[in-house]
Amino acid sequence: MAISEKFEYPKSIEGSASLLAKFLNKALFEELKNKKTANGFDLKNAINSGVKNPDSGIGVYAGDEESYDVFAPLFDKIIYDYHGFSKNDKHKTDLNADHLDAPNLDSENKFIISTRIRVARNIKNIPLGTIISKEQRNNVEKIVSETLLSFDGKLKGKYYPLNNMSAEDSEQLIKAHFLFKEGDRFLEAAGLNRDWADGRGIFHNEEKTFLVWINEEDQLRIISMQQGGNIKAVFERLTLAIKLLESKIDFSYNNHLGYISSCPTNLGTAMRASVHIKLPKLGNRDTEFKQITDTYHLQIRGIHGEHSQSESGVYDISNKRRLGVTEVQCVQDMYDGVKALIKREKEL
Ligand code: ADP
Ligand code: ILO
């Protein structure tokens, strides 16, 4: 923004269905427009993605942990709307896989193609990707990749920096659902694509069942995935990796919001547990499909991630709630919902 340009209430969000548009009225805009965090993250940074993309569902991003305090009059409402979590609530965590009740739902592999569980993490006292500097981003890459390279056993793997990867290799990894693509227009407007592809990369073990994305939307996305529907095995591997990483790196966490993430939808557990599942019959019955997913707090995505379409009746089904529920509950939501979906698909 040129210095002389005035920061005014954004007209583009009028009529938008985003949570930003729902809650940022003119009075609130005036209250927040000159506020900044110690890292210099301001309201313009926070809302730019939703302003540039009025078709956003949410429309805001944070720049650091402090953003959630400084812009609380806006963020708290968005958080309440998305997670049903209010400003006096406390987050809780449970990474004990023994607390999960999840016998294999589909041992004949008729419905579930693959299972993936990821969590986001960001390092304490380093700005989030929206305003991180190039040096800080490179430092995150160094800290995380060196830590991961010390892992042994089934988590042992290699680090592949993106700026050193051929276009063919990255395309193949993206197509096979292992690697992230360059951020879309939502991430672009949030500042998350700056200096692409420097400082970004992927660590994975030989089997590609344990993967860590470095410096995508969050500084770390820790991922456990495998073919088929053994949800418990995927969760166990993930919790092992999280515990190891947490013993070596201090992540941004507080008792109210849990793990701090750049998008408020990822706060709390920062967990998305998903299956790619074949539901060709239910997929043709929009209302009924949505009724079941709503009952179990699930989200439906296409098979190439967020904002993509389903192909051949295959859907990405994942937990929607992440804050105010434990990690075990997130996975249990997904498991219970998938069980109900398979039951109904069989009946049809
Ligand atoms: P995130 O999980 O970080 O929110 P996306 O929705 O963009 O991000 O998904 C990232 C990648 O993970 C995409 O390639 C998507 O197809 C893949 N993916 C998600 N769930 C599964 C799954 N259960 N099995 C295989 N790939 C998956
Ligand atoms: N900013 C986008 C995406 C929000 C949720 N998804 C994430 C965390 N990638 C929007 O507001 O639609």
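In this chain, numbering begins with 1 at the start of the sequence shown. Counting convention: from 1, in listed order, for ligands and their atoms alike.
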Please work out, at 4.0 Å between heavy atoms, whether the side chain, the backbone, both, or neither of [X] comes within that distance of ligand 1.
X	result
His304	backbone
Val275	backbone
His177	both
Tyr315	neither
Ile113	neither

**Message:** How long is the straight-line distance from CZ of Phe85 back to NE2 of His256, given to the nearest 0.5 Å?
**Reply:** 5.0 Å

**Message:** Distance check, rounded to the nearest 0.5 Å: Ile132 atom CD1 versus Gln219 atom CD?
**Reply:** 4.5 Å

Would you say that [X] contacts [Y] through its side chain, given a criterion of any heavy-atom pair below 4.5 Å between the two side chains?
X	Y	value
Arg272	Asn319	yes
Phe29	Leu43	yes
Trp213	Phe203	no

For [X], counting its heavy atoms only, list the atoms of ligand 1 lying under 4.0 Å from any of them.
X	value
Trp213	3 (O), 10 (C)
Ile303	16 (O)
Arg221	1 (P), 3 (O), 4 (O)
Met225	25 (C), 26 (N)

Considering only protein heavy atoms, which is closest to [atom], and at what distance to one decimal place?
atom	value
atom 18 (N) of ligand 1	Arg116 CD, 3.4 Å
atom 6 (O) of ligand 1	Arg301 NH1, 2.6 Å
atom 25 (C) of ligand 1	Ser114 OG, 3.2 Å
atom 4 (O) of ligand 1	Arg118 NH2, 2.8 Å
atom 20 (N) of ligand 1	Ser274 OG, 2.7 Å

**Item:** Carboxylate-amine/guanidinium proximity below 4.0 Å for Lys134 and Asp198
**Value:** yes

**Request:** Would you indicate which of Arg272, His276, Gln227 comes nearest to atom 21 (C) of ligand 1 when only heavy atoms are counted?
**Result:** His276

**Message:** Tell me whether the NZ or CZ atom of Lys26 lies within the 45° cone about the ring axis of Tyr9 and under 6.0 Å from its centre.
**Reply:** yes

**Request:** Using the ring of Tyr82 (Phe, Tyr or Trp, six-membered ring only), decide whether Lys320 places NZ or CZ under 6.0 Å from its centre and within 45 degrees of its axis.
**Result:** yes

**Message:** When you compare the side chains of Asp89 and Ser86, does any donor N or O come within less than 3.5 Å of an acceptor on the partner?
**Reply:** yes

**Prompt:** For residues Gln329 and Arg321, is any side-chain donor paired with an opposing acceptor at under 3.5 Å?
**Reply:** no

**Request:** Kindly tell me which protein residues have any non-hydrogen atom under 4.0 angstrom away from an atom of ligand 2, grouped by chain and ordered by number?
**Result:** Ser56, Gly57, Ile58, Gly59, Tyr61, Phe186, Glu217, Cys263, Thr265, Asn266, Glu306

**Complete:** All heavy atoms of Ser261 vs all of Leu267, minimum pair found to be OG-N, 3.2 Å

**Asked** Would Tyr160 and His204 count as a close aromatic pair, with their ring centres under 6.0 Å?
**Response** yes

**Request:** Could I get the full list of side-chain hydrogen bond (donor to acceptor under 3.5 Å, both in side chains) partners for Asn284, not counting sequence neighbours?
**Result:** none

